[in-house]
Structures are given as structure tokens and as C-alpha cells.
Chemist: 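Questions regarding the structure given below will be posed in turn.
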Protein chains: 2
Amino acid sequence: MARREMRHFGWGDPAHVSHPLPDAALELLRARVGLSDVPRPPVPIGAVALPAPVEFDVPGVQLRSDHEARLLRAAGKSYPDLFRMRSGTVEHAPDAVATPRSAEEVRAVLGAGVAVVPFGGGTSVVGGVEALRGSHPAVVSLDLGLLDRLVELDERSQVAVFEPGIALPAAEGELNARGFTLGHFPQSYEYATVGGCVATRSAGQASTGYGRIDAMVVGLDAACPAGDVSLLTAPASAAGPDLRELFVGSEGALGVLTRVALRVRRLPEERRYEGFMFSSFEQGCEALRALEQEGAAPHVARLSDEGETEVSFAMAGREGLVAEVAGRYLRARGVERGCLAILGWEGTLDGAETRRAASLSVLRRHGAVSLGRSPGRAWSRSRFDGPYLRDDLMERGVMAETLETATTWSNLGALYRAVSDALHAHAPVVMCHVSHLYETGASLYFTFIARQREGEEIEQWRQAKTAACDAIVAAGGTITHHHAVGRDHAPYLRHEASDTGLAALRAVKAELDPDGIMNPGKLLAP
Amino acid sequence: MARREMRHFGWGDPAHVSHPLPDAALELLRARVGLSDVPRPPVPIGAVALPAPVEFDVPGVQLRSDHEARLLRAAGKSYPDLFRMRSGTVEHAPDAVATPRSAEEVRAVLGAGVAVVPFGGGTSVVGGVEALRGSHPAVVSLDLGLLDRLVELDERSQVAVFEPGIALPAAEGELNARGFTLGHFPQSYEYATVGGCVATRSAGQASTGYGRIDAMVVGLDAACPAGDVSLLTAPASAAGPDLRELFVGSEGALGVLTRVALRVRRLPEERRYEGFMFSSFEQGCEALRALEQEGAAPHVARLSDEGETEVSFAMAGREGLVAEVAGRYLRARGVERGCLAILGWEGTLDGAETRRAASLSVLRRHGAVSLGRSPGRAWSRSRFDGPYLRDDLMERGVMAETLETATTWSNLGALYRAVSDALHAHAPVVMCHVSHLYETGASLYFTFIARQREGEEIEQWRQAKTAACDAIVAAGGTITHHHAVGRDHAPYLRHEASDTGLAALRAVKAELDPDGIMNPGKLLAP
């Protein structure tokens with residue numbers, strides 16, 4: 001376990017010190033949600049009870065089965081994961097943690113006769129790394145942290161080959177040093193691994209410009225219980241079904257990615273993020289659609305609805321420049337609640353400016369009002385901070401959770417309303433932003449916040465989550481745009497893949513993983 | 001069979017009258033290849049012997065089993081297909097041709113207990129529609145020509161839903177009338193169908209700008225022997241492996257596409273194609289790489305090597321403006337044999353011009369010399385004529401065949417030389433062009449021409465084809481960039497998918513098509 005470890009009960013750096021919430025944010029939370037007067041701190045790591053480990057051995061591979069190792073590989077970072085950690089009620093943990101140093105050692109672990117849960121950054125928010133053993137005698141967490149090299153960078157072809165366990169900041173650092181970037185910045189950036197992103201079809205904050213991780217994969221190798229799969233690195237091919245697309249998003253249920261070849265781009269000279277206001281979410285969505293369909297989209301494009309805009313301004317503090325400017329704009333227009341967009345252009349100095357000019361021309365036509373660079377800088381500073389904030393809220397007795405979907409532009413408004421309505425029945429604060437643009441549609445990212453119902457926190461979460469998932473399915477959205485399937489979304493997959501489609505996927509699993517040892521209970525519901 | 005029928009012995013319109021080859025082209029062919037003095041005309045359609053049909057019935061579905069119906073569905077349009085037709089030595093033919101009028105009728109055909117060969121435009125050049133029956137008592141050609149509707153156009157989301165059998169010109173016509181385009185123009189454009197393009201991962205002449213067909217698919221339905229598959233239309237998703245990518249390129253071996261949802265774009269106001277000269281193929285490739293990687297690529301980008309440039313000029317005729325201008329350019333540079341590129345920009349008037357300006361800046365830096373619009377117009381006029389020319393050459397005792405591959409930019413030169421060398425051992429004229437650009441690499445499209453060895457024409461073709469395929473595999477190229485796998489490339493698939501990868505694909509086939517009735521002998525080698 002070579003990587004930096006996250007704190008067991010929450011997100012991120014154990015040394016992280018939270019800034020107190022701005023008064024405006026506290027006021028809003030007190031008025032709308034309610035805060036616990038008594039802090040609800042996590043139980044200490046030693047006080048979290050784990051089931052007794054089943055002993056087993058993998059010849060030639062380092063295994064750890066001490067309490068801390070097992071605990072830190074027991075779960076991801078979803079709200080229920082964290083609630084269980086904080087309250088010391090962890091149900092499942094790996095019997096041991098294996099840290100292979102080579103693809104050969106990965107194969108040895110796959111041959112050990114126990115269930116295997118591949119573990120990259122451990123950032124799953126859908127139960128993707130929960131240590132379920134299925135019908136097997138034991139379960140091992142296959143920690144890929146030592147397989148962390150940039151194997152090769154073909155600068156001419158702009159193709160980088162990585163081992164799976166390299167963390168995104170390390171990958172980005174190695175590429176940057178040679179003048180390149182992956183351009184992949186999910187909110188989990190500081191801990192997520194390249195292999196984990198590929199295995200979960202990750203999208204990042206700049207994916208409107210750089211493309212989702214699935215658009216970057218040009219080749220891969222995987223170790224499966226039935227044998228090794230090696231897929232040719234090619235820019236494009238008509239050689240039958242694209243088997244890369246079977247392993248991208250396979251979530252460790254078919255095998256373990258041992259190498260991935262990704263398209264990289266030149267490191268941008270300029271990254272320019274700016275704020276804009278729209279008088280409604282609908283107006284903003286129309287502007288984003290025009291940007292994308294007219295080929296003038298920025299690299300980063302995020303549009304908050306009225307609720308999220310209000311919270312963003314509260315978080316920025318009363319005296320924040322942003323809120324002031326926005327307030328003036330809104331009053332001048334007679335609009336009570338506007339919508340904030342953060343747009344960002346990257347590239348060469350000239351390239352970013354040319355692109356920005358093209359965007360501005362479309363934005364003006366759609367009634368956008370510029371707020372300048374200040375909101376862009378504020379967003380950029382705090383772009384990876386959301387998960388820390390969730391921890392702070394949990395400390396105050398508040399449930400905060402996110403979920404996401406995507407659909408066509410035509411269906412976006414209906415899907416937005418359906419999911420918002422479903423969540424409002426369970427949470428007083430529901431907010432949303434459009435986070436990724438495509439020619440045919442966009443994604444919606446929801447956050448919902450409610451006072452915890454003490455003693456039934458998990459059930460409370462499940463009710464809200466189920467209501468939202470049911471609404472997504474009924475309204476024709478995909479069950480997940482970039483969080484993946486894991487355990488939480490598995491029951492919904494059939495609605496978009498159809499039963500016969502899922503049967504095909506199960507057939508692939510049966511072929512590659514005949515004993516069903518790979519990540520049991522994830523992706524494909526039992 | 002509602003569609004226009006192609007002539008049975010060759011490409012295209014039975015009313016097509018060939019123009020005589022320009023003198024320069026005839027001279028070149030006589031000197032380098034040799035032409036038969038005695039024309040080798042095809043045998044009349046009635047004189048082509050077919051095996052006796054096995055009788056069977058599909059309740060409720062129209063079947064034809066007359067000689068002409070069977071003959072016209074017996075093969076695609078590869079060189080060996082056409083040679084067999086011309087010489088009246090057709091080995092396989094469907095026992096009957098079914099023309100379902102609905103997805104229900106497609107399902108009825110799949111339930112008939114006979115082998116099923118889906119037939120779209122019949123333009124396969126890899127044996128994809130050869131009427132093989134496998135181990136089944138009979139084989140039916142499933143002609144999708146009556147399923148030819150644009151079902152829905154969502155203008156707001158830029159998504160068009162098609163039935164599979166609609167021909168590209170009809171699809172394009174319906175879209176154009178409403179201000180949209182698919183932007184998909186393979187050389188087979190005049191006959192290819194939308195479903196056929198999706199099933200074979202087609203790429204078109206403007207795919208550098210509009211994307212390959214696989215980049216356009218946002219949803220699909222398929223009828224499989226095991227049941228119907230229906231995949232949600234979504235702009236993007238992280239809901240596990242992308243099952244769309246299993247059916248795109250499935251070549252009728254898993255089931256029959258019954259609906260496809262494709263991303264469309266606004267009909268361009270401007271289509272501007274121009275010619276440029278480079279002093280070498282290598283210099284031209286570097287320019288194309290820069291265009292693509294700097295985000296300044298045109299919609300159409302084709303770069304001929306020295307050999308193809310020479311033939312293009314000969315085909316344009318001695319007096320052709322192009323050849324004259326090119327000649328001046330070459331002499332002025334002291335270059336004996338230059339390379340012709342055709343580049344094309346599409347979009348709004350402003351958009352195309354802005355894009356063109358960006359391209360020109362890169363092109364100048366890479367030593368390109370403009371030949372103006374005349375070569376662009378000449379290319380545009382004849383862009384779908386290649387297959388007619390092949391027929392004319394066969395009439396004169398000449399074998400002309402094409403094949404294609406793709407690889408990374410770093411490997412492009414080595415792959416080019418390896419395949420060229422392999423083909424030169426079998427054909428005096430070998431030429432190549434780069435036809436599609438990607439950030440990580442490009443495609444290579446080879447044409448080879450040789451005097452037929454009378455009496456062993458098929459064996460002659462097989463030797464050249466095998467040499468080229470072996471060279472492609474050894475040099476790390478994909479066995480096909482856009483012609484698909486069919487029967488001809490099936491033995492090579494394992495080199496890029498690996499045996500375990502192919503086992504996964506076989507498992508999908510066994511699940512969806514348990515009796516193996518779907519297009520036996522294609523895609524997956526027996």
C-alpha cells in the first residue's frame with residue numbers, strides 16, 4: 001500500500017483541517033435543513049469492529065490482514081460507506097489485502113480460490129469496492145497501488161501507456177513534465193487511479209473538452225481468471241465489436257486491467273475559467289446546447305440551477321464579490337434567482353482565446369451575462385473540495401449525497417424535473433448542475449441535503465436514492481453518467497441494457513470469470 | 001426488394017456507361033500492368049449456375065427463390081465475388097430471399113430454423129454477405145430493403161432514428177430536407193444502408209470531420225435469436241460495458257439491427273475541397289498529423305502516396321489542369337514525384353472559412369503547396385467512381401483490389417512500407433492513401449493492380465491478399481479500418497483481440513444466437 005491513505009471515516013487527507021462554513025451557508029442550512037447542536041464525530045479507527053478474517057495464502061504475493069489494512073480497503077466513499085465507518089458498523093471487510101508488484105502477481109491472486117475485489121483509489125461512491133465474498137470462502141482486496149508506472153509515452157502518437165494503479169496526480173505530473181496532459185479531472189482526482197477511471201467510465205470536470213476516459217482508451221491489457229486479454233492499440237478499427245468497450249466500465253467484474261493505453265494531449269498554456277449568469281436554468285441549458293452543437297463549446301462547462309446557485313453564493317460568503325455582482329445583475333433584470341455557469345477554455349494562448357471568442361458570440365446571443373474571472377477562480381480553487389464538505393456536514397448530523405444521470409437535450413428538462421421532484425420528497429435542499437455537454441445531450445448532477453434521521457440513517461438514504469433512481473429510469477435517463485454501477489445501481493441496469501443485453505454481458509462474465517470470483521455482487525445484480 | 005438493384009457482375013447502376021480511360025492512364029496500364037487485347041465480358045445473368053435451392057417456408061413473410069433473386073443476394077462486391085459472378089462460377093447462393101416488412105417479420109425469419117444472412121446494400125468487400133449455411137439445412141438472405149424509414153428526427157437533440165434498410169442517399173435526402181446531414185459518405189455511399197454501415201463500423205470520406213459511424217451511434221435495437229435487445233438512447237453513460245459497441249460491428253453474427261439512433265449535424269452551407277502538393281508522403285503525413293493534433297483538421301483529409309498521385313494525374317488526362325499545375329510545382333522544387341492531398345472543409349460559410357484558415361496556417365508550416373479548388377472538384381465529381389473503374393479493368397483482364405488498415409502515427413511509416421512491400425511481390429502497381437485522421441494515428445488505404453493470371457484468378461488474389469494481411473498483422477496494424485471482418489479477415493481477428501478476447505465474443509454469440517444461425521462463417525472464424 002504505497003499510496004497516500006485517506007482518512008478512514010471520510011474523504012481525503014488525514015491532515016485536512018476544515019474551514020468553518022461562512023455565516024450565510026450556516027444560516028441557510030439552519031433555516032432549511034437543520035444542524036445538530038451536538039457534533040457527531042466518527043468512532044476511532046480501532047473501535048470499528050470488523051468480522052474475523054478467514055486466513056488464506058497467495059504464494060509469492062504480499063498479504064496484509066491487520067485491522068487497519070482491512071478497514072482501509074473495506075469500502076469506498078459513498079454516504080452509506082462513510083456513515084458505517086463513522087458509526088463503527090462496517091459489515092464487510094476483506095480478509096486480506098494483496099499488493100501485487102507485477103501482472104504475474106495479479107494472476108497469482110486470481111488463482112487463489114477466493115473472491116477478488118480490485119482496488120484502485122477507493123473512491124467509489126456506488127459500493128464498487130465493497131468487500132463482498134459472494135459464495136467464496138474468503139475475499140481479498142487486490143490493491144493495485146504498486147502498479148503505478150507510466151510505462152511508455154509515445155509523444156508522436158500522443159499515446160501514454162499506464163499501469164492501472166497510478167494515481168491521477170502522479171500520471172498528470174509525469175505527463176506534464178514532458179509537455180502533455182490527460183486532461184482528466186474528476187472530483188475524486190486527488191485519489192483516483194487511471195485504471196479505476198477506465199474501469200468505471202469516469203468523466204472529469206474538463207471532459208466536455210478532453211472527452212470522457214472512454215474516449216481516450218486506444219488499447220488495454222487485462223488479466224482475467226480465464227486468461228489474459230490483450231487488445232491492439234489502434235486509433236480506430238472495424239475489426240468487429242469493440243472489445244475495449246467491454247473492459248472499459250467492467251468495474252473489476254471481468255478481470256483486472258493490467259495496462260491501459262490512453263490518448264493524451266499537449267499541455268495547455270492557458271486555462272481560463274469565467275463565470276456567467278443566466279436568468280433561468282432553461283435559458284442556460286439552451287445556451288450550452290447551442291455552444292456544443294455549433295462547435296463552440298468550452299473545455300469546462302457547468303451550469304448550476306437556481307438552488308445550487310444560491311448555495312454557491314452562500315458558500316462564497318456574504319461579502320463575496322461574486323454574490324454582489326450576481327445580486328446586481330439579478331436585480332437589474334428583475335430576476336429573483338438566477339443561474340451561475342462556470343465556463344473554461346484551455347489550449348495554446350491563441351487557441352484558448354479563439355475558442356473563447358467563439359463561445360462568447362454564442363453566449364451573448366443566449367442572454368448570458370459575464371461575471372468575469374473571479375467566479376472561475378473561486379470554482380477552480382475549490383473544485384475538489386466537495387467531499388470534505390460532506391464530511392463536515394455529517395459531523396453536524398446532515399446527510400449530503402450526490403447522484404447523476406444524462407439524457408438527450410429534448411428530454412433534459414423533463415428528467416431534471418422528475419429527479420428533482422423525487423428527491424424533494426426526501427430532502428429539503430435539492431440542487432443540480434449540468435456538468436458535461438454532448439452534441440446529443442448533457443448530464444445532470446444532483447446534490448441533496450437533509451437532516452439525518454438518527455438511528456435510521458441508512459434507511460433514510462436508501463429511500464431517497466431509490467426514489468431518485470426510479471425517477472431516472474422512468475424518465476428515460478441513464479442510471480449513471482460517470483459514477484458507474486457498483487452495487488448500488490446494479491438493479492437498474494436492465495432498464496437500459498434490456499434483459500437480453502444483460503444476458504450477453506453475463507455470458508462474457510461466465511466465460512472470463514467462470515467461478516465468479518471477480519468483484520462479486522457488483523455491476524451485475526445477483 | 002424495393003431497392004435499386006446493382007448489376008450482378010459488378011458495381012452499381014446497370015445503365016452505367018463507362019467513359020473510356022484517358023490515354024495517359026491506358027499507357028501507364030499497358031506499360032506497367034498489361035491489358036488483355038480481348039475483352040473478358042461477364043457471362044449473362046441467366047448463365048450463372050446456382051446450386052439447387054432447398055425449399056422452406058416462413059409463415060407470414062414473403063420469400064422469393066427465383067434465379068435472379070437468389071443470384072443478386074449471393075455475394076457482395078469484393079474482387080473474388082465479382083470474378084465468380086463474371087465467370088459464372090458462383091459457389092454459394094441463398095435458398096430464398098426474405099423481405100420482412102417489420103421487426104416482427106424479422107423475428108419470424110430468425111425462427112425458421114435456417115441460417116440467416118442479413119443483407120443491407122450488399123456492398124461488402126470482405127465476404128460479409130456470402131450465403132454460407134454452416135451446419136443448417138438451408139440459408140435465407142434476410143433483405144432489409146423494406147425497412148427503410150427515417151422513424152424519427154429529434155432536431156433539438158440532433159438524433160435521427162432509422163430503420164436498418166434505408167440507403168444512405170435516401171437517409172441523407174430526408175435529413176437534408178430538414179436541414180441536417182449524417183455526413184457519412186463511404187465509397188459505397190450510393191448503395192450502402194444505414195444498418196449495414198453500423199453493422200460493419202463503416203467510415204466515410206468525411207469521417208475525419210463527422211466521425212466514423214461508431215461515433216454517431218447513441219442507441220439501437222436488435223432482434224437476436226435469443227430475444228430482443230434494446231439499448232437506451234443516451235449521449236453518454238457509465239452504466240457498465242458499452243453494449244452498443246458489441247452490436248456496432250457485429251456484422252449480422254449476433255442478430256439483426258432493427259433500429260439505430262444516430263447523431264446528426266446541421267447541413268453545411270459550404271463544402272470546399274482543395275488540392276495540395278507535398279514533396280513526399282512522409283512530409284504529407286507529418287502535415288496531417290499536425291492538423292489533427294493541433295485541432296485544425298479539415299472534414300475531408302486524403303493524402304496519396306507518390307504512386308497513387310501519379311495514377312490520379314494520369315486518370316485526370318494529359319491536358320488536365322491538375323497535372324499541369326502539379327508538374328510545374330514539382331519541377332520548380334526539383335521533386336520528381338510529389339504527393340497529392342485533397343482537403344475539404346464543411347460547415348457554415350464562416351465556420352468553414354475559419355476552419356480552413358486554421359488548416360492553412362499549419363499546412364504552410366509543413367511545406368504544402370496549394371493547387372486550388374480544381375483538384376478538389378475533380379475528386380468530388382469522381383469520389384464514388386472507383387468501383388466502376390475496377391469493373392472496367394476486370395473487363396480488360398486486370399485484377400484491381402483494395403484493402404485498408406490503421407495504426408498510430410509512430411508506426412504509420414513502418415506499416416506503410418511493410419504492406420507496400422508485401423503487395424509489390426504480387427502486383428506491379430501498388431498505391432496508397434491516408435484517408436482518415438485521428439489524434440493518435442491514421443488509416444492507410446491500399447490499391448493493388450496486376451494482370452490477371454488466367455485460370456487462377458482467385459488463387460492469385462488470395463496470395464496477394466494473404467501477403468498483405470500477414471504484413472499488416474506483423475507490423476501491428478488493425479486488420480481492417482473500415483471494410484469490416486466478414487469471411488476474409490476472420491482468421492486474423494485473434495491477432496488484435498487475443499484468444500481470450502475472442503472467447504468472450506464467442507460467448508456472446510452463443511448466448512444471443514445459441515444455434516449459430518446468424519451469418520455463419522463471418523466475423524468469427526470456425
Chemist: Which atoms of A/R289 come close to chain B, meaning under 4.5 Å heavy atom to heavy atom: side chain ones, backbone ones, both, or neither?
Modeler: side chain
Chemist: Quick one: does A/R156's side chain get under 4.5 Å of B/S410's, heavy atoms only?
Modeler: yes
Chemist: Are any of the side-chain heavy atoms of A/D488 and A/V125 separated by less than 4.5 Å?
Modeler: no
Chemist: With a 4.5 Å cut-off on heavy-atom pairs, point out which of A/A238, A/G486, A/G351 contacts chain B the most.
Modeler: A/A238
Chemist: Identify which part of B/T480 has an atom lying under 4.5 Å from any heavy atom of chain A, answering side chain, backbone, both or neither.
Modeler: both
Chemist: Measure the shortest side-chain to side-chain distance between B/E152 and B/V159 over non-hydrogen atoms and say whether it is less than 4.5 angstrom.
Modeler: no
Chemist: Quick one: what part of A/R506 sits under 4.5 Å from any heavy atom of chain B, side chain, backbone, both or neither?
Modeler: neither
Chemist: Measure A/T408 against the heavy atoms of chain B and call it side chain, backbone, both or neither at under 4.5 Å.
Modeler: both
Chemist: Flag the one option from B/I479, B/T405, B/L412, B/T478 with the top tally of heavy-atom pairs under 4.5 Å to chain A.
Modeler: B/T478
Chemist: Measure the shortest side-chain to side-chain distance between A/L505 and A/L524 over non-hydrogen atoms and say whether it is less than 4.5 angstrom.
Modeler: yes
Chemist: For the atom pair OG (B/S207) and NE2 (B/H299), what is the distance rounded to the nearest 0.5 Å?
Modeler: 10.5 Å
Chemist: Could you list which of residues 211-220 of chain B have a heavy atom closer than 4.5 Å to any heavy atom of chain A, in residue-number order?
Modeler: B/R212, B/D214, B/V218
Chemist: Below 4.5 Å, heavy atoms only, C-beta onward: do B/T200 and B/S124 meet side chain to side chain?
Modeler: no
Chemist: At a heavy-atom distance under 4.5 Å, which candidate from B/L243, B/V126, B/V508 has the highest pair count against chain A?
Modeler: B/L243
Chemist: Measure B/L231 against the heavy atoms of chain A and call it side chain, backbone, both or neither at under 4.5 Å.
Modeler: both
Chemist: Does B/D228 reach the side chain of A/T500, with side-chain heavy atoms less than 4.5 Å apart?
Modeler: no
Chemist: Tell me, out of B/S237, B/S230, B/A203, who's got the most heavy-atom pairs with chain A below 4.5 Å.
Modeler: B/S237
Chemist: Does a side-chain heavy-atom distance below 4.5 Å link A/D221 with A/L257?
Modeler: no
Chemist: Heavy-atom pairs under 4.5 Å with chain A - which of B/A497, B/A490, B/G347, B/A296 has more of them than the others?
Modeler: B/A497
Chemist: Residues in salt bridge (Lys or Arg N to Asp or Glu O under 4.0 Å) with B/D499, at least two apart?
Modeler: B/R494
Chemist: Of all of A/S443, A/A503, A/S498, A/P241, which one pairs up most often with chain B through heavy atoms under 4.5 Å apart?
Modeler: A/P241
Chemist: If you count heavy-atom pairs within less than 4.5 Å of chain A, which of B/A236, B/A199, B/P235 leads?
Modeler: B/P235
Chemist: Counting only non-hydrogen atoms closer than 4.5 Å, does A/A442 touch chain B with its backbone (N, CA, C, O), its side chain (CB onward), both, or neither?
Modeler: backbone
Chemist: Going by ring-ring contact (aromatic ring centres under 6.0 Å, His included), name the pairs with one or both residues in residues 482-509 of chain A, residues two or more places apart or in two chains.
Modeler: A/H436-A/H482, A/Y445-A/H482, A/Y445-A/H483
Chemist: How would you list all residue pairs meeting side chain to side chain donor-acceptor pair (under 3.5 Å) that involve residues 244-256 of chain B, not counting sequence neighbours?
Modeler: B/R201-B/E245, B/D242-B/R244
Chemist: Once rounded to the nearest 0.5 Å, what's the spacing between atom CZ of A/F180 and atom CD of A/E155?
Modeler: 4.5 Å
Chemist: When heavy-atom pairs shorter than 4.5 Å are enumerated against chain A, which of B/R265, B/Q293, B/K509, B/R266 gives the highest number?
Modeler: B/Q293
Chemist: Where on A/L246 is there a heavy atom nearer than 4.5 Å to chain B: the side chain, the backbone, both, or neither?
Modeler: both
Chemist: Is a side-chain donor or acceptor of A/R263 paired with a backbone partner of A/Q158 at a separation under 3.5 angstrom?
Modeler: no
